[in-house]
Amino acid sequence: MHEVSIAESIVDIARDYAGRENVPLFSAIELQIGTLSGIEIEALMFAMDVVCRGTVLEGAEIRIQSVAGRARCEGCNFEFPVEDQFSPCPACGELRSSIISGEELRVSSLLFSE
């Protein structure tokens, strides 16, 4: 369950930002998570609930924006949506492609009330 270590890293990011900007507590955090990232959202939410206790994220709303997978064919350069990393190009059938989105995990914003 690597979601626990991911949750801990997210808390570290929030804690570092809070220290730099003198923020005592965040009200919400927004995450962008790619559909190809391998992250189980339900497991991450459970882990966040546990690791956020007693931190600057305790009680914060966790908002997740899903980022769809897209790839670029290495044969014909066509860009197309993918649900896994082994999808053939729908234009030419080439199996080699580069993922251009869907693998990300990003803290996109931290919100707080004054």
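Because the structure is a prediction, the values reported are computed rather than measured. Residue indices begin at 1 and follow the sequence shown.
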Using residues 66-74 as the side-chain source, report each donor-acceptor pair under 3.5 Å to any protein atom, sequence neighbours left out, with the distance given to one decimal.
{"residue": "R72", "atom": "NE", "partner": "E79", "partner atom": "OE2", "Å": "3.4"}
{"residue": "R72", "atom": "NH2", "partner": "E79", "partner atom": "OE2", "Å": "2.7"}
{"residue": "E74", "atom": "OE2", "partner": "S98", "partner atom": "OG", "Å": "3.1"}

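- Under a 4.5 Å side-chain heavy-atom cut-off, the cluster of Ile, Leu, Val, Met, Phe, Trp and Tyr residues that includes L36 is completed by F78, F80, V82, I99.
- Counted within 6.0 Å of CD on E42, heavy atoms from surrounding residues, nucleotides or ligands total 12 or fewer; the atom is thus considered open.
- Taking the side chain as every heavy atom from C-beta outward, E8 and V11 never approach each other to under 4.5 Å.
- L44 is listed as a side-chain neighbour of I33, based on a closest heavy-atom distance under 4.5 Å.
- Considering CD of Q65 and CD of Q32, their distance stands at 4.5 Å, rounded to 0.5 Å.
- Side chains of L110 and L57 form a contact here, defined as non-hydrogen atoms less than 4.5 Å apart.
- Using a distance-only test at 3.5 Å, with no hydrogens or angles considered, a donor-acceptor pair links the side chain of E3 to the main chain of E40.
- Between Y17 and F26, the ring planes are tilted. Angles from 30° to 60° get that label.
- Side-chain contact annotation: S87 with D84, donor-acceptor N/O pair under 3.5 Å present.
- Residue E83 places its CD atom among 12 or fewer non-hydrogen atoms of other residues, nucleotides or ligands, all under 6.0 Å distant.
- When all heavy atoms of P24 and V56 are compared, the closest pair comes out as O-CG1, 3.7 Å.
- Counting only heavy atoms from C-beta outward, the side chains of M45 and I64 approach each other to under 4.5 Å.
- To the nearest 0.5 Å, the span separating OG1 on T55 from CD1 on I10 amounts to 11.0 Å.
- The structure places CG of L105 at 8.5 Å from OG of S9, a figure rounded to the nearest 0.5 Å.
- A 4.5 Å side-chain heavy-atom check between I39 and H2 finds at least one atom pair inside the cut-off.
- In this structure R63 satisfies the side chain to side chain contact (heavy atoms under 4.5 Å, CB included) test together with A28, E30, E61, L111, sequence neighbours excluded.
- Here CG of N77 is found 11.5 Å from OG of S97. Values are rounded to the nearest 0.5 Å.
- A continuous path of hydrophobic side-chain contacts links V23 to V107 [ILVMFWY only; heavy atoms under 4.5 Å].
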